[in-house]
Amino acid sequence: MTSKLLYRFIIKCEKNIDLHSTLFSGQSFRWILNPYDHSYSCNLIGTSPLLLKSISDHEIEVISSSMSIYGKPIEDFITSYFTLDIDINAVFPDDFHSIYPNLWEMVKGFRSVKVMRQDPFEIMVTFMCAQGIGMHLIRRQVEMIAERYGEKLVFESEHGPLTFYSFPTPSSLASAVVNELAVCTNNNRIRAANIISMARSFESGAMAIACVRSGECSLDALRDSLCVHSGIGMKIADCIALFGLGRFDAFPIDTHVKQYLWEWFGIEAAQRSLTEKNYRYLQDEARKILGNEFAGYAGHILFHCWRKEVRKMKAF
DNA sequence: CTCCAGGCAATTG
DNA sequence: CAATTGCATGGA
């Protein structure tokens with residue numbers, strides 16, 4: 001099936017946005033970098049492929065065969081997806097730079113990284129694949145899931161055909177077989193079964209309802225409704241809230257966050273293991289430093305800065 | 001060879 | 001409570 005790319009949009013951003021860092025900062029696992037022209041491409045659930053390219057620090061070129069995505073005009077979708085509506089100056093507390101001047105020198109260069117408002121179901125699946133393995137393997141799993149269970153679309157570009165796979169719908173994964181899905185999940189059958197079970201719940205309504213109400217309820221209540229499902233613990237529930245449900249107050253703590261809470265902020269409890277009690281305690285401590293409203297947004301910028309500047313991690 | 005990668009759940013002391 | 005173990009693979 002081949003169709004032509006028809007529509008071209010230029011999105012203007014008031015603030016600087018670094019597309020590459022944003023798309024490869026560890027929150028999105030399936031954007032592809034096109035080496036020919038340094039554009040980025042992805043095919044979301046039930047949409048036509050999306051091609052993005054930086055025109056300047058303040059402009060993004062968007063090419064799509066459709067005028068809208070998820071029922072929104074492209075401009076509105078991009079603004080929401082990349083949270084261009086969020087004022088970066090409101091993300092870190094006003095006194096942060098004066099309390100941590102040395103840290104701020106390093107962190108401020110990463111403020112163009114955006115936390116995105118991604119699709120809840122896609123985020124659930126991808127972060128359920130992110131347990132105890134490296135970023136490289138996580139990306140491979142998500143790519144394989146899309147190739148095997150998504151819809152194939154081929155577009156003709158000036159450089160030749162480009163093949164895309166949409167992210168699978170909930171019903172597509174709900175009807176998957178454990179042994180076949182496990183091929184895509186690092187041969188981990190437990191993980192595959194958990195994803196199938198979650199997809200069925202999403203399809204039948206329980207998870208969908210939790211998502212619809214996610215903006216109104218407390219963070220604790222939202223996390224509890226997500227943690228009901230096998231394979232979703234507190235960390236992944238917080239990731240779903242932050243990256244998939246636009247809850248920028250959610251503050252997931254993983255090995256990297258744990259490390260910088262000790263190294264940068266001297267929180268001694270961060271040296272101990274992440275038991276449930278300690279996890280909650282560390283979140284409270286983090287909110288004292290980063291505030292409540294954008295704790296997770298700021299935390300992700302710190303996460304990306306830690307991995308790249310301190311750990312010197314090269315992998316996406 | 002060992003250790004660690006964006007953990008979770010079940011078991012044991 | 002806290003600590004340990006199985007789940008799986010690959011790269012440093």
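In what follows, chains carry the letters A, B, and so on, assigned in the order in which the sequence lines appear, proteins first and then strands, with residues in each chain numbered from 1.
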Check your understanding: Do any side-chain nitrogens or oxygens of A/R307 fall under 4.0 Å of OP1 or OP2 in B/dG6?
Key -> yes
Study note, to complete from the structure: Sequence neighbours excluded, the answer for side chain to side chain contact (heavy atoms under 4.5 Å, CB included) partners of A/A192 is A/V178, A/L181, A/A182, A/T185
Study note, to complete from the structure: Here the distance between atom P of C/dA8 and atom CD of A/Q141, to the nearest Å, is 11 Å
Practice item. Keeping to residues at least two apart or across chains, list the ring-ring contact (aromatic ring centres under 6.0 Å, His included) pairs with something in residues 220-239 of chain A. Key: none
Write down the protein N/O and nucleotide N/O pairs, taken from nucleotides 9-12 of chain C, whose separation is under 3.5 Å; answer none if there are no such pairs.
unit_1: C/dT9; atom_1: OP1; unit_2: A/N187; atom_2: ND2; d: 2.4
unit_1: C/dT9; atom_1: O4'; unit_2: A/N186; atom_2: ND2; d: 3.2

Review point. Hey, can you pull the residues of residues 254-270 of chain A with a non-hydrogen atom under 4.0 angstrom from DNA chain B?
Key: A/D254, A/T255, A/H256, A/Q259
Check your understanding: Taking only residues two or more places apart in sequence or in another chain, which ones pass salt bridge (Lys or Arg N to Asp or Glu O under 4.0 Å) with A/R280?
Key -> A/D220, A/E276
Exercise for review: Mark yes when over 12 heavy atoms from residues, nucleotides or ligands other than A/Y281 sit less than 6.0 Å from its OH; otherwise mark no.
Suggested key: no
Revision key, fill the gap. Exactly one candidate in A/L153, A/D119, A/I69 meets side-chain contact (heavy atoms from CB on, under 4.5 Å) with A/T47; the answer is A/I69
Exercise for review: Take atom C1' in C/dA2 and the same atom in B/dA5, then report the distance between them in whole Å.
Suggested key: 24 Å
Review point. Can you name the residues that form a side chain to side chain contact (heavy atoms under 4.5 Å, CB included) with A/N186, not counting sequence neighbours?
Key: A/I133, A/L137, A/R140, A/Q141, A/R191
Check your understanding: For A/K72, which residues count as a salt bridge (Lys or Arg N to Asp or Glu O under 4.0 Å) partner, sequence neighbours excluded?
Key -> none
Check your understanding: With sequence neighbours excluded, what pairs up with A/F248 under the ring-ring contact (aromatic ring centres under 6.0 Å, His included) test?
Key -> A/Y297
Practice item. Mind calculating the distance between CG (A/L282) and C1' (B/dG7) to the nearest angstrom? Key: 16 Å
Review point. Residues two or more places apart in sequence or in another chain: which of them pass side-chain hydrogen bond (donor to acceptor under 3.5 Å, both in side chains) with A/S48?
Key: A/S64, A/S65
Revision key, fill the gap. So the salt bridge (Lys or Arg N to Asp or Glu O under 4.0 Å) pairs with at least one residue in residues 252-273 of chain A (sequence neighbours excluded) are none
**Study point:** Of the listed nucleotides C/dA8, C/dA2, B/dA5, the one nearest the side chain of A/R311
**Key:** B/dA5
**Study point:** Listed partners of A/A199 passing side chain to side chain contact (heavy atoms under 4.5 Å, CB included), at least two apart
**Key:** A/F121, A/L173, A/A174
Review point. If we take the P atom in both B/dC3 and C/dG6, what is their distance in whole Å?
Key: 15 Å
Check your understanding: What string of B, S and - do you get for nucleotides 8-13 of chain B, 5' to 3', when a contact is any protein heavy atom under 4.0 Å?
Key -> SS----
